[in-house]
A.B. asks: 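Starting off with a structure, shown below.
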Amino acid sequence: MNQPDEIVIAHPDDWHLHLRDGAAMADVVRHTARQFARAIVMPNLKPPVVDTAQALDYRARILAALRADSAFQPLMTLYLTDQTAPEEIATAKASGAVAACKLYPAGATTNSESGVTDLVRLSPILEAMQIEGLPLLVHGEVTDPEVDIFDREQRFIAKRLDWIVTNFPALKVVFEHVTTADAVEFVRAGPDTLAATITPHHLLYNRNAILAGGIRPHFYCLPVLKRERHRLALLEAAVSGHPRFFLGTDSAPHALGDKENACGCAGVYSAHAALELYAEAFEQAGALDRLEGFASHHGADFYGLARNPGTIRLRREPWQVPEQYPFGVSRVVPLAAGEHLNWRLVDEAASIAKVDAV
Ligand SMILES: NC(=O)N[C@@H](CC(=O)O)C(=O)O
Ligand SMILES: [Zn+2]
Ligand SMILES: [Zn+2]
């Protein structure tokens, strides 16, 4: 098979990212800024980003943490709660800085304690978002402790997501970090207002990575990795060229001690090598030519934003991923730590900052 040594694609965006805050954020944001032009920044800080004023403050802290020559643009999100006021939606839209609102079912994932407990009572907010044209981003898992953790996404589709899509036909909905064949099918069969992000870890690993041969907390995330059949369905969707599947890393760093713990946190850190990891997955599927649509076109088109000018270049140049990166007062263990990746991002653009390993 013809194996290219270089890939040049339009400057991509990350449509699902956790940057955290403070000193830890300063350490991770440059990893994202050297790869992506823009990113949808998740609002699940402690306390969460629940209104426009907080989103603007957070945005200013992100911009302050970037190198002076960086052109990276954070696209902010609001964290919906039972208390979100419908008026807040118009304020958010008018700010020009808030690109979407995030629905965390209460208790579904990291820092989701303040999330929504009753979807039907959220109707006035969803109505306002539909009118304002603000997309809804969904962590799609039911939280019922009776439901098996491997079935929580699938169950969410029938019990919740279908209801949202049916009742708010003009609302743009992104089913975030999909992990199952069921989710892929639902998005494919759904209207043009429904899209999904796919992470690099769900494309590259199945649930054996967490549990076979020992328990590996750095592969633990939510929704949890699924069996191989689901990984293959995600890979097929990502490389299919379908415009409603696009890149969202869900890069979610936690301090080493919070992962390697008797009750380890959910979240995988992938921002250090996001494009390299996606390139690995697309090459495995023999579909490197589809990477650009997935990484650089589909997301912008769905959000109704301009595609980025400029390009980035990946070279076939095997390199070893560092075991750890700095993370505020701690360290973070990245995805594929110590492993060799075949592709490497070539730093070219003036806006691309060098990031040093530990
Ligand atoms: N994906 C994760 O496992 N964790 C995310 C939250 C989320 O996206 O659900 C985090 O903030 O750590
Ligand atoms: Zn989530
Ligand atoms: Zn996330």
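When a ligand or atom number is given, it counts from 1 through the structure's own listing order. The analysis underlying the following values was restricted to heavy atoms, covering all of them including side chains, and did not include hydrogens, waters or symmetry mates.
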A.B. asks: Who gets closest to atom 12 (O) of ligand 1 by heavy atom: Arg20, Glu176, His16?
C.D. replies: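 Minimum heavy-atom distance to atom 12 (O) of ligand 1 goes to Arg20.
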
A.B. asks: Side chain of Asp258, backbone of Cys265: donor and acceptor closer than 3.5 Å?
C.D. replies: no

A.B. asks: Would Leu103 and Ile164 count as a side chain to side chain contact (heavy atoms under 4.5 Å, CB included) here? Give the steps.
C.D. replies: CA-CA 11 Å; Leu103 169 62; Ile164 297 174; 4.1 Å; yes

A.B. asks: Among Leu222, Asn44, Asp250, which residue places a heavy atom closest to atom 3 (O) of ligand 1?
C.D. replies: Leu222

A.B. asks: Heavy atoms, side chains only, cut-off 4.5 Å: are Ile312 and Ile9 in contact?
C.D. replies: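 Counting from C-beta outward, Ile312 and Ile9 do come under 4.5 Å.
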
A.B. asks: Of all the atoms in ligand 1, which lie at a distance below 4.0 Å from a heavy atom belonging to His254?
C.D. replies: 12 (O)

A.B. asks: Checking the N or O distance criterion of under 3.5 Å, is ligand 1 in contact with Tyr104?
C.D. replies: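 Checking ligand 1 against Tyr104, no N or O pair falls under 3.5 Å apart.
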
A.B. asks: Distance under 4.0 Å to a non-hydrogen atom of Cys221: what atoms of ligand 1 satisfy this?
C.D. replies: 3 (O)

A.B. asks: Apply the ring pair (Phe, Tyr, Trp, His ring centres under 6.0 Å) test between Phe294 and each candidate in Phe245, Phe302, Phe246, Phe282; give the one that qualifies.
C.D. replies: Phe282

A.B. asks: What's the atom name of the N, O or S in His18 nearest to the Zn ion (ligand 3)?
C.D. replies: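 So the atom name we want here is NE2.
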
A.B. asks: Give me the nearest non-hydrogen protein atom to atom 4 (N) of ligand 1 as residue plus atom name, then the distance to 0.1 Å.
C.D. replies: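 For this ligand atom, the closest protein heavy atom is Ala266 O, 3.2 Å.
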
A.B. asks: Between Val184 and Leu234, is there a side-chain heavy-atom distance shorter than 4.5 Å?
C.D. replies: yes

A.B. asks: Below a 4.0 angstrom heavy-atom separation, can you tell me which part of His177, side chain or backbone, both or neither, approaches ligand 1?
C.D. replies: side chain

A.B. asks: Is the shortest side-chain heavy-atom distance between Arg227 and Arg207 below 4.5 Å?
C.D. replies: yes

A.B. asks: Do the side chains of His298 and Trp15 get nearer than 4.5 Å, heavy atoms only?
C.D. replies: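 No, side chains not in contact.
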
A.B. asks: Taking only protein atoms, how many N, O or S atoms are found under 2.8 Å from the Zn ion (ligand 2)?
C.D. replies: 2

A.B. asks: Quick one, Thr199 and Thr179 - any side-chain contact, counting heavy atoms below 4.5 Å?
C.D. replies: no

A.B. asks: Would you say Tyr269 and His31 are linked by a side-chain donor-acceptor pair, where the criterion is simply a distance under 3.5 Å?
C.D. replies: yes

A.B. asks: Would you call Arg121 and Asp82 a salt bridge, using N to O less than 4.0 angstrom?
C.D. replies: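 No, no charged N to carboxylate O under 4.0 Å.
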
A.B. asks: Nearest heavy atom to atom 9 (O) of ligand 1 wins, so pick from Val224, Thr109, Asn111.
C.D. replies: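 Of the listed residues, Thr109 has the closest heavy atom.
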
A.B. asks: Going by the order shown, which atoms of ligand 1 are within less than 4.0 Å of some heavy atom of Gly267?
C.D. replies: 2 (C), 3 (O), 4 (N)

A.B. asks: May I ask you to decide whether Arg231 forms a salt bridge with Glu228, counting only side-chain N to carboxylate O separations under 4.0 Å?
C.D. replies: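 Judged by the 4.0 Å cut-off on N to carboxylate O distance, Arg231 and Glu228 do form a salt bridge.
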
